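What you see is a predicted model; the values in this text were computed from it and never measured. Within every chain, numbering begins at 1; the chains are lettered A, B, ... in the order of the sequence lines, protein sequences first and strands thereafter.
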There are 2 protein chains.
Amino acid sequence: MATSRLRDVAARAGVSIRTVSNVVNGYAPVSDETRSRVEKAVAELDYRPNLLARNLKQGRTGMLALVVPELDVPYFSELARAVVTTARHHGYTVVIDQTDGEPDRERELITRGASAALFDGVILSPLALSPADLADRDASAPLVLLGERIADSRYDHVAIDNVTAAREATGHLLGLGRTRVAAVGDQPYETGETAQLRTRGYRQAHADHGREVDESLIVGTRRFHHADGARAMAALLDHPDGPPDAVFCYNDLLALGALRTLLSRGVRVPDDIAVAGFDDIEAGRYHTPTLTTVSPDKATIARLAVDRLIARLGDRPDEPPAELWAPHRLVPRESTTGPALRPTDVAARPGQAGH
Amino acid sequence: MATSRLRDVAARAGVSIRTVSNVVNGYAPVSDETRSRVEKAVAELDYRPNLLARNLKQGRTGMLALVVPELDVPYFSELARAVVTTARHHGYTVVIDQTDGEPDRERELITRGASAALFDGVILSPLALSPADLADRDASAPLVLLGERIADSRYDHVAIDNVTAAREATGHLLGLGRTRVAAVGDQPYETGETAQLRTRGYRQAHADHGREVDESLIVGTRRFHHADGARAMAALLDHPDGPPDAVFCYNDLLALGALRTLLSRGVRVPDDIAVAGFDDIEAGRYHTPTLTTVSPDKATIARLAVDRLIARLGDRPDEPPAELWAPHRLVPRESTTGPALRPTDVAARPGQAGH
DNA sequence: TCAGCGTATTGCAACGATGCACAGGCGGCA
DNA sequence: TGCCGCCTGTGCATCGTTGCAATACGCTGA
């Protein structure tokens, strides 16, 4: 059956279009008799409002866009889940799109998609976007940035304290008595301000412990995937001064990749080399050894971003851009402390009883 | 700046609204002089077409919806990536939504969202939806179903041959000489037709090898997450007849969860117990041991689904519903064959900085 | 000079819905 | 009896865009 319109329902019920609209939306007072006649017609014609038309008229869509570089990177998919859930509580639907880190794609999404009235607001986790790209943008739909990049822009911005987090993670390794702690995941500024911040924290931790940084132990990776970590670890094992005795990876995928290289070569973790990651993805909690990591509070990140967006859409459209910080915590697990210390860590998993 | 409209651009350029529209869309012939004047005004006002209005007028949105139960389950996020990529080649944007397996949510999305003209088509991976729910649906926007459920419905449907795949995986384990092969992930029909099919394949493999199925080795799980697999494996280790010597898990998360239980208890894999999974998620390729699994061809699944949808949107709207099958293959890795057999299975090769 | 034609530009209606303000009918009260 | 006001229900304009078809214009050829 072709989609029916208010007009069709009105004709069938013998009332005006306007009255049908009132019944559907429960706006104005409608007599019981008219109401039931309209409802009958609605049911018979299987009428459903055309949201495109409604949204056009109302000037809002009830949809938020979440733009992330890669959906199949667990950090992003876990974050996406949090955002979707939070937004739903506010009555918003979240649509997700991935950019594959292509600047064109990111640009297109924030301009075409967002300021084209399709979305009421946008949450963007930029990977390849420069400040210039953003400045360029017409601010028709509010935008909240996730992560570190472009912190100086005119947009709201949610992040964790990457420097401190990296400092804590590195400090944890140094505190275990490791003397040669490598860093895996460094990136040049253009593509990875976040990486830069973590490197800064890595350096600070060394300073805290009165240690020199061995620059040759800072390994860059092009991306943050398993393969990059595995490759970087292999390179570190061939280090001219011998392998390091600990590795801080800038995310958990790198760390799991590094672990693969180590374990498949018979290196003992953490006895020979301790490994720490970043993001606290679920896979790390079930790996053997379980993965020590920095756990950003994803639920809070999602909440801050969504709340902010909704505030701008509602009664506070003109507040100055804010920098919002979400908490994080270091979660020591077997990959640094060994199995003895936390034998039941695997059991830990947030309950998911219904609701 | 408030969003500008065709009207504003027209006023500024001193031409009619219609001409601006023509310039923007490149439709009708426009003199170079007029064109440049309009383009100047467009730039000055930072005009961008209101897609809501355009879509309303044109009756299409260029957006497809992908509805999956859980985004942070790697199988779905990897599939989502494939769908997004494929659709982009056809000029469609994919918006993703997750249902958390809630029937209400799934229902809402396919009815409200889809038949409300927001999306041109929907790809749905249903978890909790009954045939009745679907029958109920007005077929305003084409729908393609992923996975096994509701195969008898009036919709296009893309799946892999789960029975054969499970049979091959189980056969692989039996072929290795294992005699007590457990199955983890069975579910009652209402929530898991896919699980039922895999159990059927598991039984067939036993028949192939002339073996009885020990019903007590078939373990049900409520969901398909790490935790479920870890729990099920723990239960199997306490089996009254002693642990099994192989386990076929109905997805990779279950398998990785099972591996966690085994490895943390010092059980040797695959020497003592071999483990196989299903889905071929990236994490399994970097686990130690690497995970033997059934690899569904996600790219083909995505392609079949998107192509089908687009065919219906285009010149073949009225073809009868089809059952489309995507290939799969068994990928033996260390968790069943041991490291000796495939020492270089891990993607990473030593050395190689940058690229 | 004018019919004839192609090019450039325009006005009007429509997509399907909602905001606003008012029309019609009824009962209550003076 | 007549006026007022409430309760229902409605018409019109509008959101920003595009489809259609007509207009205005300039140029060619006879």
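- Across the protein-nucleic acid pair, B:R54 atom CZ and C:dG16 atom C1' stand 18 Å apart, rounded to whole Å.
- Looking at A:Y92 and A:T86, their side chains never come closer than 4.5 Å, going by heavy atoms from C-beta outward.
- Residue A:S21 places none of its side-chain N or O atoms closer than 4.0 Å to OP1 or OP2 of C:dA17.
- Under the 3.5 Å distance criterion, with hydrogens and angles disregarded, a donor-acceptor pair is assigned to the side chains of A:N22 and A:R18.
- As judged by a 4.0 angstrom heavy-atom cut-off over every strand, B:S31 is placed among residues touching the sugar-phosphate backbone only.
- Nucleotide C:dG19 holds its C1' atom 12 Å from the CG atom of A:N25, rounded to whole Å.
- If you measure from atom CD of A:Q58 to atom C1' of C:dG16, you get 12 Å, rounded to the nearest angstrom.
- For A:R48 and C:dG16, the CZ to C1' distance is 16 Å, given to the nearest whole Å.
- Salt-bridge formation is not detected for the pair B:E78/B:R81: no Lys NZ or Arg NE/NH1/NH2 atom is positioned less than 4.0 Å from an Asp or Glu carboxylate oxygen.
- Rounded to an integer number of Å, the gap from B:L6 CG to C:dT9 C1' is 15 Å.
- Residues B:S125 and B:V67 fail the side-chain proximity criterion, which asks for heavy atoms closer than 4.5 Å.
- Ion pairing between B:R312 and B:D156 holds under the 4.0 Å rule for side-chain N and carboxylate O.
- Rounded to whole Å, the distance from CZ on A:R60 to P on C:dT18 is 13 Å.
- Of the two residues contacting DNA chain C, namely B:V15 and A:R5, the nearest-nucleotide position lying further toward the 5' end is that of B:V15.
- For the pair A:T61 (side chain) and A:L118 (backbone), a donor-acceptor distance under 3.5 Å is present.
- Rounded to whole Å, atom P of C:dA17 lies 9 Å from atom CG of B:L56.
- Where DNA chain D meets chain A (any atom under 4.0 Å from a heavy atom), the bounding nucleotides read 5' to 3' are D:dT8 to D:dG16.
- In this structure a side-chain-to-backbone donor-acceptor pair under 3.5 Å is missing from A:D8 to A:S4.
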Discussion item. Between B:R303 and B:V158, is the side chain to side chain contact (heavy atoms under 4.5 Å, CB included) condition met? List the steps.
Written reply: CA-CA 10 Å; B:R303 190 174 48 73; B:V158 178; over 6 Å; no
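- In this structure, CG in B:L51 is found 8.5 Å from CE in B:M63, a value given to the nearest 0.5 Å.
- Put simply, the side chain of B:H157 gets close to the backbone of B:G147: a donor and an acceptor are under 3.5 Å apart.
- In this structure A:D297 satisfies the salt bridge (Lys or Arg N to Asp or Glu O under 4.0 Å) test with no other residue, sequence neighbours excluded.
- The pair A:D318-A:R316 does not count as a salt bridge, with every side-chain nitrogen at least 4.0 angstrom from each carboxylate oxygen.
- Counting non-hydrogen atoms under 4.0 angstrom, B:N55 reaches nothing in the nucleic acid.
- The side-chain hydrogen bond (donor to acceptor under 3.5 Å, both in side chains) search around B:S16 returns B:T19, not counting sequence neighbours.
- In this structure, B:Q98 contributes its side chain and B:V68 its backbone to no donor-acceptor pair below 3.5 Å.
- In this structure, the helix from C:dT1-D:dA30 to C:dA30-D:dT1 shows an angle of 60° between the axis at its start and the axis at its end, each fitted on 5 base pairs and rounded to 10°.
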Might you list the N or O atoms of the protein lying below 3.5 Å from N or O atoms in nucleotides 22-27 of chain C, with each pair's distance?
none

Restricting to nitrogen or oxygen on both sides, can you table the protein-nucleotides 11-14 of chain C pairs closer than 3.5 Å?
residue: C:dA14; atom: N3; partner: B:K57; partner atom: NZ; Å: 3.1

